Amino acid sequence: MISPWDRWYSTSCCLCCHVRTGTIILGIWYMLINAVVLLILLSALNDPVQYRYHLTSSELGTDIDVMDDANICIATAISLLMILICGMATYGAYKQHAAWIIPFFCYQIFDFALNTLVAISVVVYPNTVQDYLQQLPGTFPYKEDIMSTNNMCLVFAVLLFIGCILSFKAYLIGCVWNCYRYVSGRGTTEVLVYVTTNDTTVPLPPYKEAVAIPPKEPPPQYMEA
């Protein structure tokens, strides 16, 4: 009987590419995003006066200091950690080291759980959507039109948007998990070669063990006088 894990197992992902290739592309994409965020945060640390000016400008319609130096340092550390985790996943998929893919897979599960909690909070507390819209700047495009919409329609639109994001994230989690299974399976599978004779079938040892066994030297042959 085929288990549910084996039923959903596949070595191909979107665009008919291999799961290893998909994991490598995904890891590089996450690294690029976090690298851009890291550059922005480092620029903010380098010139905090100009950074705070952009955040508190009248165009945004708010005078609240969103992030201080401590929060920027924490965000910088998180970006560096994410670059490290994504680099490990890319290297693990490329060199076929299954253990290097686990941190990135755990991050995907954590991110999926957070987005699920956001969806649950919208369902349980539907008024949070209106509260969030009221906190937006007055110059936000179409703010008044959005707030005049029925609350149930807003909740449905937000849940639909979050549902699409969760479905996409779940698919990416499946791709990385299949890559982990493929890499770990290639590292642990031992292929046995069978030699069949008329009477018996003898399994030969795996290739690595067979190479490690030194060949026996033939007995010396003596010439007849």
Side-chain angles (χ1 to χ4, degrees), residues 1-44 72-123 155-193 206-209 211:
M1 182 178 180
I2 301 176
S3 63
W5 295 105
D6 295 333
R7 186 176 302 172
W8 293 101
Y9 174 71
S10 176
T11 57
S12 61
C13 57
C14 54
L15 300 178
C16 299
C17 61
H18 199 271
V19 288
R20 282 184 59 211
T21 306
T23 303
I24 292 172
I25 295 175
L26 185 62
I28 294 174
W29 173 249
Y30 271 80
M31 278 195 295
L32 291 176
I33 293 177
N34 287 277
V36 172
V37 174
L38 182 62
L39 289 176
I40 296 174
L41 293 174
L42 292 177
S43 300
I72 294 177
C73 291
I74 294 174
T76 303
I78 294 175
S79 297
L80 288 173
L81 180 62
M82 284 303 306
I83 292 175
L84 177 62
I85 292 175
C86 298
M88 290 174 60
T90 304
Y91 178 81
Y94 179 72
K95 292 293 186 179
Q96 299 189 19
H97 297 310
W100 292 65
I101 308 176
I102 295 177
F104 184 70
F105 178 75
C106 294
Y107 158 73
Q108 286 184 302
I109 296 296
F110 179 73
D111 182 58
F112 185 84
L114 287 181
N115 285 272
T116 305
L117 289 177
V118 171
I120 294 175
S121 65
V122 171
V123 174
V155 172
F156 178 77
V158 171
L159 288 178
L160 182 63
F161 179 72
I162 297 177
C164 294
I165 294 178
L166 288 177
S167 300
F168 183 68
K169 287 181 179 293
Y171 180 77
L172 295 180
I173 290 173
C175 293
V176 176
W177 173 249
N178 288 335
C179 178
Y180 170 78
R181 291 190 60 186
Y182 173 79
V183 173
S184 60
R186 282 181 61 90
T188 57
T189 301
E190 294 180 351
V191 180
L192 296 180
V193 181
Y207 175 74
K208 295 182 179 179
E209 298 181 4
V211 173

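Owing to the predicted nature of the structure, the values given are computational and were not obtained by experimental measurement.
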> salt bridge (Lys or Arg N to Asp or Glu O under 4.0 Å): which pairs involve residues 100-118, sequence neighbours left out?
Replying inline: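 Qualifying pairs: D111-K169.
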
> With sequence neighbours left out, which residue pairs that include part of residues 19-34 fulfil the salt bridge (Lys or Arg N to Asp or Glu O under 4.0 Å) condition?
Replying inline: none

Nearest 0.5 Å please: distance from the [atom1] atom of [X] over to the [atom2] atom of [Y].
X    : Y    : atom1 : atom2 : result
H18  : I25  : NE2   : CD1   : 12.5 Å
M31  : I33  : CE    : CD1   : 11.5 Å
L80  : L38  : CG    : CG    : 5.0 Å
L41  : N34  : CG    : CG    : 10.0 Å
Y107 : Y30  : OH    : OH    : 5.0 Å
I173 : C106 : CD1   : SG    : 10.5 Å

Go through the structure and list residues passing side chain to side chain contact (heavy atoms under 4.5 Å, CB included) with [X], not counting sequence neighbours.
X    : value
L39  : none
I120 : T116, V124
V155 : V122, P126, V129, N151, L159

Least distance between heavy atoms, [X] atom then [Y] atom:
X    : Y    : result
I72  : A44  : CD1-CB, 4.0 Å
P103 : A99  : CD-O, 3.6 Å
T23  : C175 : OG1-O, 4.0 Å
I101 : C179 : CD1-SG, 4.0 Å

For residues 88-98, tabulate all N or O donor-acceptor pairs below 3.5 Å that involve a side-chain atom, not counting sequence neighbours.
from: T90; atom 1: OG1; to: C86; atom 2: O; distance (Å): 2.9
from: Q96; atom 1: OE1; to: R186; atom 2: NE; distance (Å): 3.1

>> Would you say that V176 contacts Y180 through its side chain, given a criterion of any heavy-atom pair below 4.5 Å between the two side chains?
In response: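 They are not in side-chain contact.
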
> Would you say the side chain of F105 lies within less than 4.5 Å of the side chain of I109, judging by non-hydrogen atoms?
Replying inline: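 Yes. Closest side-chain heavy atoms under 4.5 Å.
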
> What's the verdict on side-chain contact (heavy atoms from CB on, under 4.5 Å) for V118 and L114, showing C-alpha distance, side-chain angles and the deciding distance?
Replying inline: CA-CA 6 Å; V118 171; L114 287 181; 5.7 Å; no

